[in-house]
Amino acid sequence: MTTRDQWKPWVWAVFAFNCLFATVFALLCWETYRQFRNITKSAAFAPALTDVKEWTALFDGAAGSAFFAVILVVIFTVCAIYYMIFTRKGLSHPGSRYGKGFMVALSFMAALHICNIATHFFSFAPAIKYWVTTFKVDFSRLLLTATYSFGYISTFFFLLFAFMLVVWKRTDVEILYAESPSTAAHTPQNGHTP
């Protein structure tokens with residue numbers, strides 16, 4: 001008789017939050033970029049900068065990074081769904097070392113990339129604050145704050161998902177897997193493989 005997998009609902013919950021916060025972060029990145037492009041065309045923005053092209057290049061770089069993050073998150077979501085639903089051995093199975101290792105590595109990579117983008121937007125905050133207070137530029141500082149905040153929250157959930165994958169295993173399945181004939185056939189006996 002198999003016992004109920006206590007970790008599974010929590011892993012799925014963290015995965016759902018991953019998708020939610022990553023999607024919100026991507027939308028906020030787009031809206032922040034769009035708002036910046038709009039203010040570069042306004043007359044109020046002209047005295048705020050010595051060279052509009054340099055600041056535009058910085059925001060273009062942040063937007064480009066966010067685009068690659070969207071691709072990375074899509075790949076992560078597809079792979080996670082594939083490994084958690086459609087594979088014969090789920091990620092909690094002791095024989096699924098490759099799938100689990102791949103998803104942990106992908107989670108870490110997505111977390112670091114999203115953290116980098118959030119920090120990129122965070123570094124714009126002092127300049128935006130100066131433009132808004134000094135030149136009365138129409139730019140929402142709350143939007144910028146929400147953007148990098150959701151980026152850091154998304155980073156946390158990707159790291160939490162990676163941690164949960166590392167510790168998630170089915171004890172009952174592990175025992176059955178260890179006692180299965182196919183596993184026993186590959187187990188060394190008296191120092192020799194049969």
Side-chain angles (χ1 to χ4, degrees), residues 10-85 102-165:
W10 293 104
V11 173
W12 273 102
V14 171
F15 173 70
F17 278 113
N18 262 341
C19 297
L20 174 66
F21 285 112
T23 302
V24 172
F25 177 60
L27 293 173
L28 288 171
C29 285
W30 168 252
E31 183 58 27
T32 302
Y33 177 71
R34 190 187 65 80
Q35 194 170 113
F36 174 78
R37 296 293 288 193
N38 286 342
I39 67 168
T40 56
K41 300 169 185 175
S42 68
F45 190 71
L49 301 174
T50 55
D51 193 348
V52 177
K53 289 182 180 179
E54 290 179 0
W55 280 100
T56 302
L58 286 174
F59 269 87
D60 286 348
S65 296
F67 174 74
F68 284 110
V70 169
I71 295 174
L72 188 60
V73 168
V74 169
I75 293 172
F76 166 83
T77 304
V78 170
C79 291
I81 290 173
Y82 170 74
Y83 278 114
M84 289 198 292
I85 296 178
F102 177 74
M103 287 309 303
V104 168
L106 194 57
S107 297
F108 271 112
M109 189 166 67
L112 291 175
H113 191 62
I114 289 175
C115 183
N116 178 46
I117 298 166
T119 305
H120 201 157
F121 278 101
F122 178 74
S123 67
F124 295 144
I128 298 295
K129 180 181 178 181
Y130 178 73
W131 299 341
V132 171
T133 56
T134 306
F135 301 104
K136 309 302 179 187
V137 172
D138 184 23
F139 193 100
S140 174
R141 290 168 59 192
L142 181 62
L143 174 65
L144 183 64
T145 303
T147 301
Y148 62 73
S149 297
F150 269 90
Y152 289 133
I153 292 170
S154 182
T155 298
F156 168 77
F157 275 101
F158 272 103
L159 292 175
L160 181 61
F161 185 77
F163 170 76
M164 293 187 81
L165 287 183

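This chain uses plain numbering: 1 for the first residue, then up along the sequence. In this text, all values refer to a predicted model and were calculated from it rather than measured experimentally.
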request  = Please confirm whether the backbone N or O of Leu143 pairs with a side-chain atom of Glu31, one donor and one acceptor, at under 3.5 Å?
outcome  = no
key: Shortest non-hydrogen separation from Ala118 to Phe25 and the atoms involved   = N-CZ, 4.1 Å
note = Smallest heavy-atom separation, His120 atom then Gly61 atom, equals CE1-C, 4.2 Å
inquiry  = Is it the case that the side chain of Thr145 and the backbone of Arg141 share a donor-acceptor pair, with hydrogens and angles ignored and the cut-off at 3.5 Å?
reply    = yes
task = Could you tell me whether a side-chain N or O of His113 sits under 3.5 Å from a main-chain N or O of Ser65, the two making a donor and an acceptor?
result = yes
inquiry  = Let me confirm one number: the OG-CG distance from Ser123 to Leu58, rounded to the nearest 0.5 Å.
reply    = 8.0 Å
inquiry  = Under the criterion side-chain contact (heavy atoms from CB on, under 4.5 Å), I'd like the reasoning laid out for Phe157 against Ile153: C-alpha separation, chi angles, the key distance, then a yes or no.
reply    = CA-CA 6 Å; Phe157 275 101; Ile153 292 170; 3.9 Å; yes
ask   = Knowing that exactly one of Ile71, Ile75, Thr77, Val70 qualifies, which makes a side-chain contact (heavy atoms from CB on, under 4.5 Å) with Val73?
value = Thr77
Nearest non-hydrogen partners of Ile117 and Ala69, listed with the distance = CD1-CB, 3.4 Å
task = Begin with the C-alpha distance, continue with both residues' side-chain angles, and end with the deciding distance and a verdict on side-chain contact (heavy atoms from CB on, under 4.5 Å) for Asp138 and Gln35.
result = CA-CA 9 Å; Asp138 184 23; Gln35 194 170 113; 5.9 Å; no
request  = Let me know which of Phe122, Phe36, Phe139 forms a side-chain contact (heavy atoms from CB on, under 4.5 Å) with Leu144.
outcome  = Phe139
task = Identify the heavy atoms of Met103 and Leu165 that sit nearest to each other, and give their distance.
result = CB-CD1, 3.6 Å
request  = Search all heavy atoms of Cys115 against all heavy atoms of Thr155 and return the closest pair with its distance.
outcome  = N-OG1, 3.3 Å
inquiry  = Within the structure provided, determine whether Arg37 and Phe59 are in side-chain contact (heavy-atom separation under 4.5 Å).
reply    = no
key: Pairwise side-chain contact, Phe156 with Tyr152, heavy-atom cut-off 4.5 Å (strictly under)   = no
remark   = Scanning both residues in full, the closest heavy-atom pair of Ser107 with Ala162 reads CB-CB, 3.7 Å
Test item: Thr134 side-chain N/O and Trp131 main-chain N/O as donor-acceptor pair under 3.5 Å = no
task = To the nearest 0.5 Å, tell me how far Met109 CE sits from Ile114 CD1.
result = 11.0 Å
inquiry  = Pair Val11, Phe161 - check side-chain contact (heavy atoms from CB on, under 4.5 Å), show working.
reply    = CA-CA 7 Å; Val11 173; Phe161 185 77; 3.8 Å; yes
ask   = Heavy-atom distance under 4.5 Å between the side chains of Leu72 and Leu106, does that happen here?
value = yes
request  = Decide if atom CH2 of Trp10 counts as having more than 12 heavy atoms of other residues, nucleotides or ligands within a radius under 6.0 Å.
outcome  = no
inquiry  = Parallel, tilted or perpendicular, judged at 30° and 60°: which one describes the rings of Phe124 and Phe121?
reply    = perpendicular
key: Option among Phe108, Phe76, Phe17 that satisfies the ring pair (Phe, Tyr, Trp, His ring centres under 6.0 Å) test with Phe158   = Phe76
